[in-house]
Amino acid sequence: MAQCVQLVQEFIQDSFVPMVAVLCSEDAERVTRKNNLSFPELLRPFCRLTSEGHLRDPNNQVVVVKGLRISVTGINTRPPQSPELHRLLSQAVSVCQPPEGSPANVITAGDYDLNISATTPWFETYRENFLQSMPASEHEFLNHYLACMLVVSSREAVPTEQFLKLSQEQHQIQHSGEYTHPKWFIPNTLKYYVLLHDISEGDEQRADSVYEDMKQRYGTQGCYLLKINSRSGSTGADEQMPDPWSQYLHKTSIHNPELYEESAVSNAVENNIGAEEDGLDPSIKDGVSETHPLQLDHPTDAGYPGNDASQSVNNVDETRPQKQASGTSHTSPTPRGTCLTLNDHDHIRQFIQEFTFRGLLPHIEKNIRQLNDQLVSRKGLSRSLFSATKKLFGGGKVPEKSIAELKNTAGLLYPSEAPELQIRKMADLCFLVQHYELAYNCYHTAKKDFLSDQAMLYAAGALEMAAVAAFLQSGAPRPYPAHYMDTAIQTYRDVCKNMLLAERCCLLSAEILKSQAKFSDAATLLIKMTSEDSDLRSALLLEQAAHCFINMRSPMMRKFAFHMILAGHRFSKAGQKRHALRCYSQALQVYKGKGWTLAEDHINFTIGRQSFTLRQPENAVAAFRHILINDSKQSAVQQAAFLREYLYVYKSMSQLSGDGSLPQLPLPCLHSSQTRVFFGHERRLAEGEKQAATHVTLEQEFDRDLSQLWRELEERVVSVANRGTVPITFQPSQCCLNSQTDNLRYPLAIVEEPIIVEVVFRNPLKVPLALSALSLLWKFTLKDFSNPQGGTTALNDIIDTQVIPEFTISPEETKVARLKLLPHKTGELHVLGVVYNLGTGEVGNSEGDLMCVRGQQNLEIQGPRLNMTKEEKTSVRYGPDRRLDPIITPPMPLLEVFFINFPTGLLCGEIRKAWVEFVNVSAVPLTGLRVGSTHPEFFTFGSATSDLTPVTPTAAEHCSAYKTVAMPPSVATVSLVSPAAFGVTSGDQLVVTEIPLSRGVLGPGEALQIPLWLRGPDQEGVHEINFLFNYESTEKTAKLSHRVLRHTAFICASRSLSVRATASRSNTLHGRERETEEQQEAEEKNGSMLVFVDVENINTSEAGVREFHIVQVSSSSRQWRLHNNNKDTENNSKLASRERGKLCFKATRCRTEEGGASTEKYTFADLNLGNEQIVSSTTPCADFFFRRGLHSEARRGGMSAGGASQMQRKSLTPQSWTDDGGTSIVKKCSEVELDIIVLWKAYVVEDNKQLILEGQLHVALQTIGKESCSLSQKEETQEMVLLKFKPDVPPPVSKPSLEQLSHLIKTCLHYPESYDHPFPQKSLCTVPVTLTLSNCSSAQVDVIVDLRHKTTSPESLEVHGSFSWLGQTQYKLQLQAQEVYKLFLKACFFQAGVYNLGTPRVFAKLAQTSAMCETSQQSAMPALIIINSI
């Protein structure tokens, strides 16, 4: 139970006090009415004695009476009937609310920190009013009158006669039998005569004389002269006097029905309470007797004194006007005691003390002795009850019958002279004067008698008071018999059907158990007393039980919360809305945030309803909001009910507030961080063959790697546009902002271009939500960037705001809303949130319009966590997120790009001609149009000199993409081309292409169509190709320098041909084919090669390809050119599926006049295998040749001027030769810079139509003898490298390999294929042999020719005969760069046969290098000669 103001002993003593009746004359009542008080009300603040009283018990022992309080009431006071009692108690509880700012009791237990009220004054008020309103009954005497004050005014003509009249009237009320009430304790009631003297009006001497006469007549202990009204009301009006009666005003209404009637709360009446249910009229149910001893008589019968109009004693209270009572209750309080001074207060206090000490206590002492004597004589016992009780209790105990065994004897009545009632009467007298030991003994004795007679009502009363008396005994000689109380409660409730007495018993016992820290027992007792007959009582007891649980040594938090919920529910049923709200709010502290979602929802829902009923809309909205924003586990029906309640409360609150601000709505959930902002027009869809550029749309998912790729590509394009440098103010274009983009800067938007904000809503409920009139909430600051002076304009002239009329979100759905803003002015825009109408979304809801509220939700986005400086790392700081704060800039051009006849699938290397259309859809001209791509080798716009006819896509539909001329197959056409003509000057310029515009400008609304050649990627599969179109405005603005348009194309590449090429050095030089010796010498000096080209059809016929035709092989090089060696090309040029063709060509170095002085020009040689020649040095063949390999180079970020890796030539002098220099010289001997272009046609059957596709493949020959392929070999995945913490050893100086050194010198033997010699005539045959040595390097080479080499292998000995070289056996030569030297030798043969002349060993080394680099330069080819004998 909660803390109480009084101690439990004080509480019990104040609950049972001596009752004194008052009977006043009319004049005496008139004297007290000057103070707006009746005589009992006048005495009430002074009824507690401040000093001790004494009396002697029957054993002549002194009993000390401390803090005694007496109850003085009018003799006509009636206890309220059952309905009145409930209304009275309900009003008392309703009026008593927890004071604002009262200290709260904070209880911490485990994870709970509860803030609850430490006291419950409403419960104490209820308990006090309940106990004071108990009606008098026959089975106990505690609330029967012990004495009666007869009050007469000193202004009476004959006061003694008036005293006699009042005395007779009291006697008639008590003894005539006409009145059932009030009840009197003993027949010989103490009559105390009070002469009331009004000092301001009366004659004091007369009053004194009358008082002297009274003392002679009634004795000094039976009368008193009370002097009051020392001042008049008018004179003391300005003087502030204490008002001790104010605290008793609410108690006055208990005994004055008139005051109660005015202040009762009409809505607090319980709807399920009847008099019979509280035990006030059980005779109807039980039928035992017609009249129950506790039955309250109806006020209209004669059971109460004062119902007869002739009785003046009742006129005093009944004739008070209702107007006065009304004024007392509802207007400013009427001042009381205005005619009394502090001396008068002391007179009243002294009067009460005199009455008690000299009148009441001696009267009680005398009656105790008389009753004791009567009991002793009647029972035949010893002198006193003490010895009697000792004998009675000393023997064995009589076994008591259980309640279940006893019959219902609630209607049993004892006569007033019965000895059992005399014992009970004596016990009550002893209890009232605090003689608890004697009282306990008497109660115990009476209890046995009552039980033996089965008088259960009397027995229960004796048990109840015996338990209380045992508890109140000083020194506690015996423990508190709680089982007495339990038995009494059970008897009252189950046998006697009297809930009033059971409730009183429960209140007393619970308070006693609480004082002994037996909170668990107290809680159990309180919970047992809850029932359906009284919601108010059940609510209060459940609340006290909850406090018991929380005040235990180990607080039981959940039990506290559960019983507070039950108490709140019963308070609500009893009409106590404020107390119900308080209980639910305190219980919520336990359930909140602990996962009890259903319980939490119920509590919040109830709090919301109660708060709304009590006109606390803010609290109601907060409670309902909490239900809706969490992930509720309620059913859909329940959630719909919650939502309707919430909308109704919200609507009511908005109507009450009346201000213009929109409330914050909790539904639907708004995921602010997922908000996306898109800047720019929605693109037009493809029309027919036109395909619009994809650009950026809200449907695309954000890819961080792809975004970085676009950023790098944009940087390269901007760098080319700004002559190789990226401006400091460069910001990458971001058309769509989300949570993963860089939002630290203010985004830039263009005036007259829409801004689309994508907002993500989530409906957490299982019921649909209907949003209507959904739009963005924004703030705009006008700033004219071109003209600083701004002006005020209408709202719609600044920004057009899109409104979505209907937006329904299904249950538990996450849905996206795209809201558009169209700015018409420049300035700063801030998107604040969304505003909408929220409805239930139920189909067929007739209340849909009514249950709809308008509100808003703010878009508050938290930026990224800052983690750069030390302060940011040690604290939690977040940067700004500016995606919702765009700056509206002046107009800019807007480009749209369309692709015409753009394919989706190509063969590898296939050439296709498409068209691209550029449209300026803005009102501003654009310039500086460029396109950058991640795959520059995929497309070309052609060179500046290319022939652009035909000029329309329709005219070019059936034309070849190549430029062709008629030419017989035997003729090779050679042309020189500079890479600069095709835009090849630097790597970036190949990645970035400038698109020519007429007059350099594309005006507003203008369109431009230009051709676009595409080449299928060399690798099969799906390829993602990105285009970035960059353009600028003709008017430079500080805010936005350029704009971009993105396009992503996906091309599916299918297999076509695989081309492999090998270059071999030719070892024979046929002099007879040369026209002149000089030409032959030049040919020998320049050298020649054989180029073998293998072409394989690796197409899998998926694309419907029937066969491939190789129509032409072209070469492109700065040093070499091809010659046709093939005689029959018709059969070799056709390749069906999986067929392979082999072609052989001769390659010679370009002549000086062909190559020209500049090594930057490329020589294109076209060898057509049919009757039509494709000019490979023009668009698009040359374009794609120069763009070959750009994909990998562009990824690495650098490339050579020629588009292919070339090594610069260095003129090395002997002084500069080093190991590295030697290595490079040796490498160049085996290097070849020759590119082969294979052009083909494919015949495809598609839809019963034959199509001819054409394409080209590139093979780059780089090293002699090393095969090259058109398909780049897949790089092997690198193995994982272990971490190394030690520095690596520096790599050794690179040295030429043996294979590289073998190519320094090219050797060639010239001799006759057969030689006839007459061996019979001449035994030795000598044959002249010429050994030609050619220096392939660009440096001096030392050569050693050793002729002593003999073949040692047995195979060669068997096949070839032995011969000898004549003359010098070793030659040491030095060959200059590119020098050709002829060494004339003689071979000597001894017999006819076939011989191998390739036995000379040739050693070569670079001059000025060590001999370690020498290696054999012998050719692997055999040189066979036939010697014939004739």
Ring pair (Phe, Tyr, Trp, His ring centres under 6.0 Å) involving [X] - partner list, sequence neighbours excluded:
{"X": "F807", "answer": "F761"}
{"X": "F1184", "answer": "none"}
{"X": "Y962", "answer": "none"}

Flag side-chain contact, heavy atom, 4.5 Å: [X] against [Y]:
{"X": "L1135", "Y": "L1057", "value": "yes"}
{"X": "H695", "Y": "F1029", "value": "no"}
{"X": "N1168", "Y": "I1174", "value": "no"}
{"X": "V916", "Y": "F898", "value": "no"}
{"X": "L1014", "Y": "L1012", "value": "yes"}

- Message: For V1245 versus R1106, what's the shortest heavy-atom pair and its separation?
- Response: CG2-CD, 3.8 Å
- Can you measure from OG (S1270) to CD (Q1256) and round to the nearest 0.5 angstrom? 12.0 Å
- Message: Return the CG to CZ distance between N743 and R883, rounded to the nearest 0.5 Å.
- Response: 5.0 Å
- Item | T927 side-chain N/O to T1034 backbone N/O, donor-acceptor pair under 3.5 Å | no
- Please answer whether the main-chain N or O of G928 pairs with a side-chain N or O of R930 as donor and acceptor at a distance below 3.5 Å. yes
- Query: Do S733 and E714 get their side chains close enough for a donor-acceptor pair, meaning under 3.5 Å?
  - Reply: yes
- Message: Under a plain distance cut-off of 3.5 Å, with no hydrogens placed, do N1097 and S1137 share a side-chain donor-acceptor pair?
- Response: no
- Passing option when F1027 is tested against F941, F939, W710 for ring-ring contact (aromatic ring centres under 6.0 Å, His included): F939
